[in-house]
Engineer: 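Can you keep this structure in mind? I'll have questions shortly.
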Number of protein chains: 2
Amino acid sequence: MNNYPTLRQLQYLCAIDKYMNFRIAAEECFITQPTLSAAIKEMEQLLGNQVLDRTNRKKIIFTPFGQEVVQTAKAILPQLDQLTANAQRLSEPLSGLIRLGIIPTIAPYLLPDILPILQNKFPKMAFKITEDLSASLVDKIQEGDLDLILMAFPYDTEKLETFSLLKENFYCACPPDYFPNKKSLKTDDLKNHHLLLLEDGHCLRDHALESCKLQLPNDQKLLSATSLQTILQMVAQGYGITLLPKMVVDTKILPQNIKIIPLKNPTPTREIGFAWRKGSPQVSNIQAISKEIKAHLK
Amino acid sequence: MNNYPTLRQLQYLCAIDKYMNFRIAAEECFITQPTLSAAIKEMEQLLGNQVLDRTNRKKIIFTPFGQEVVQTAKAILPQLDQLTANAQRLSEPLSGLIRLGIIPTIAPYLLPDILPILQNKFPKMAFKITEDLSASLVDKIQEGDLDLILMAFPYDTEKLETFSLLKENFYCACPPDYFPNKKSLKTDDLKNHHLLLLEDGHCLRDHALESCKLQLPNDQKLLSATSLQTILQMVAQGYGITLLPKMVVDTKILPQNIKIIPLKNPTPTREIGFAWRKGSPQVSNIQAISKEIKAHLK
DNA sequence: ATAATCAATAGAAAAAATCTATTAATAATA
DNA sequence: TATTATTAATAGATTTTTTCTATTGATTAT
């Protein structure tokens, strides 16, 4: 382990360089002159070289080495100034960076809504959005690479803290000629239809399956796609049916040839909420965010 | 005055970043683990931001701010490493930079002799040569811009320390047809001849005048030139006479048409030696140099 | 369920930084 | 030239900081 001069010593030396007078420099450093003398002397002892010429008590002369020390100090101290300034800024309440992870089956439908709210309500905060599958997001938050995730429950969030925002129903989306005259469906009604779902890993798939799995035979009538848009296009073209959460149904840009029918008795649902590490340094920010978003979603 | 985290704290944080384990990092820093914990905690308090996530006691997670601190530390610490390494190197005996000033009437005649000696005898030292008039050199050494000067005495060196290297005689240099049959001259003999000297400021001029001034009438038979070479050319072309110190006479490259005649009773002289600030940090180096050069000049 | 490992905490001991008071040296002034 | 004022260095006391040992609470591995 190396033995460095202290930052205090470097600051003091810079003050001497600036004022070329011990008494004044000491004053500017809010210390007494003997303290300043002692500090410089100790630094010289530590470095094994004189930093100041003691030839003339009335005139301060830096040795070439002393000038080198001053130069290094002048390079280093501003970097620390910046660091402490950043720290100051970050330590303000409701400020700093929130690294927010969102699952793909929420992001496109909720983000356009809530991001402007956040930016408006918390102008000193910055948000970095990451879109990924639940499992990956949970990994990342555990690794400290994310501060907060917006996801769907139920999900095994281990030791994460969670906050529920809303619970939404699933709807059946099918071609227009399916289920004629039906105002609502039971999950049983979905049997024997091609059920189109997202590929493995998407919690939406699991939530949909969970709601219906008892009714679904273990056959090949399941199809996996990589995005909801793909699935919707396939439904519109008559390939089969799918289950959509309310926020997707509410989207204004659903394809034309799709009929939406509510599900009843029981109505399958998924829950949307935040999750974060217990004891995260961001808890206060997260609480403020949760409260604000929940208020807005009502 | 700003309040920075200490370098120790930054080092400790870097160790944690490196080993991702408090116990091991503490060991590498030669401190105990509680000390390390306390140091990080104190730094966090100082900066007003958490640096590590305390979510999980078994896994170390840096906050984004913590990563910023590490980054700053990694930028700063190497600079200080270099500084201390330089200090180490410089603190070795007979090492470092000597800023040597030499007057123009010595430099061309002595430097080719002694510079190789110095570089050979003190391989760890570096020499920076400055050529200027005595007054300017004395100014510069007082300002701390030079460590050592090689000059001619007598000279008012105020509070400088001096060390004599040699005393050399002056010779008369004249056209071949002057002073026929004379093996030596008195300063009186120079009267009524055009005396060519360097311009004001050169101590050689003063030393020459000092030797002869009582004999010299205050007339216009004095001519001032800017370099010894100019004067020698003028002497060779019959413009007048001049006084040369022995080291110049010994030069192999004197012009052809010049006769050198010793001066006797009294023989004018000048003294060559070193001068430096009393209490200069370089005294030990300077003593070694003086001793070496004097031994060589014998 | 038990043992092992980790970081945090508490309190004592050691080291450091800083202070006041003074001295020695230099420069300015009478 | 003697006196005064100003400078940086020194000495010793005090306060602050750093570090240590011993222990706890939490988590993981066996």
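Proteins come first, then strands; the chains are lettered A, B, ... in the order of their sequence lines, and each starts at number 1. Being a predicted model, the structure only gives us computed values, none of them experimental.
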Engineer: Would you say the base of C:dA16 and the side-chain of A:Glu42 have a donor-acceptor pair closer than 3.5 Å?
Structural biologist: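 Check fails, no donor-acceptor contact within cut-off.
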Engineer: OP1 or OP2 of D:dT17 sitting under 4.0 Å from any side-chain N/O of B:Arg8?
Structural biologist: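 No, B:Arg8 has no side-chain N/O under 4.0 Å of OP1/OP2 on D:dT17.
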Engineer: Between atom CG in B:Leu52 and atom P in C:dA8, what is the gap in whole Å?
Structural biologist: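 Rounding to the nearest Å, CG of B:Leu52 and P of C:dA8 are 8 Å apart.
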Engineer: Looking at B:Glu161 and B:Lys278, is any side-chain nitrogen of the basic one under 4.0 Å from a carboxylate oxygen of the acidic one?
Structural biologist: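 Looking at B:Lys278 and B:Glu161, the cut-off is not met.
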Engineer: Take the protein atom CG of B:Leu7 and the nucleotide atom C1' of D:dT18, then report the distance between them rounded to whole Å.
Structural biologist: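 Distance check: B:Leu7 CG to D:dT18 C1' gives 15 Å.
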Engineer: Charged N to carboxylate O below 4.0 Å: is that the case for A:Asp17 and A:Lys74?
Structural biologist: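 Counted as a salt bridge, because a side-chain N and a carboxylate O are separated by less than 4.0 Å.
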Engineer: Does C:dT18 have its OP1 or OP2 closer than 4.0 Å to a side-chain nitrogen or oxygen of A:Tyr12?
Structural biologist: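 Indeed, a polar side-chain atom of A:Tyr12 lies that close.
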Engineer: Measure the distance from CD1 on B:Ile31 to C1' on D:dT19 and round it to the nearest whole Å.
Structural biologist: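 Nearest whole value for this atom pair: 8 Å.
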Engineer: Give the nucleotide from the list C:dA8, D:dA9, C:dA17 with an atom nearest to the side chain of A:Pro34.
Structural biologist: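 Of the options given, the side chain of A:Pro34 lies nearest D:dA9.
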Engineer: Would you please confirm or rule out a distance under 4.0 Å between OP1 or OP2 of C:dT5 and any side-chain N or O of B:Asn21?
Structural biologist: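 No, B:Asn21 has no side-chain N/O under 4.0 Å of OP1/OP2 on C:dT5.
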Engineer: Separation of A:Lys278 atom NZ from D:dT27 atom C1', in whole Å?
Structural biologist: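 Rounding to the nearest Å, NZ of A:Lys278 and C1' of D:dT27 are 13 Å apart.
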Engineer: Consider the side chain of B:Ile60, meaning its heavy atoms from C-beta on, and name the nucleotide among C:dA7, D:dT19, C:dT9 that approaches it most closely.
Structural biologist: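 Nearest listed nucleotide: C:dA7.
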Engineer: Mapping B:Gln33 and B:Ala38 onto DNA chain D by nearest heavy atom, which one lands closer to the 5' end?
Structural biologist: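 Looking at the nearest nucleotide for each, B:Ala38 comes out on the 5' side.
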Engineer: Would you kindly give the CZ-to-P distance between A:Arg23 and C:dT20, to the nearest whole Å?
Structural biologist: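 In whole Å, C:dT20 P and A:Arg23 CZ are 16 Å from each other.
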Engineer: Do B:Lys124 and B:Glu92 sit within salt-bridge range, that is, some charged N less than 4.0 Å from a carboxylate O?
Structural biologist: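 Yes, B:Lys124 and B:Glu92 are salt-bridged.
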Engineer: Measure the distance from CG on B:Leu46 to C1' on D:dT16 and round it to the nearest whole Å.
Structural biologist: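 Atom-to-atom, B:Leu46 to D:dT16, this comes out as 15 Å.
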Engineer: What is the separation between atom CG on B:Asp53 and atom C1' on C:dA8, rounded to the nearest whole Å?
Structural biologist: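 Value for this atom pair: 15 Å.
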Engineer: Under 4.0 Å: is that the gap between some side-chain N or O of A:Lys41 and OP1 or OP2 of D:dA8?
Structural biologist: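 No, because none of the side-chain N or O atoms of A:Lys41 sits under 4.0 Å from OP1 or OP2 of D:dA8.
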Engineer: B:Ile16 versus B:Ile60: any side-chain heavy-atom pair under 4.5 Å?
Structural biologist: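 The answer is yes; the side chains approach within 4.5 Å.
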Engineer: Please step through side chain to side chain donor-acceptor pair (under 3.5 Å) for the pair B:Glu271 and B:Ser164, ending with a clear verdict.
Structural biologist: CA-CA 7 Å; B:Glu271 197 162 354; B:Ser164 174; 2.6 Å; yes
Engineer: On the nucleotide C:dT18, are OP1 or OP2 found under 4.0 Å from the side-chain N or O atoms that A:Thr32 carries?
Structural biologist: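 Looking at the OP1 and OP2 atoms of C:dT18, neither is under 4.0 Å from any side-chain N or O of A:Thr32.
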Engineer: It should be established whether B:Ser37 places a side-chain nitrogen or oxygen under 4.0 Å from OP1 or OP2 of nucleotide C:dA8.
Structural biologist: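 Yes, within the criterion.
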Engineer: Could you tell me how far apart B:Met43 (CE) and D:dT17 (C1') are, to the nearest whole angstrom?
Structural biologist: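 In whole Å, D:dT17 C1' lies 16 Å from B:Met43 CE.
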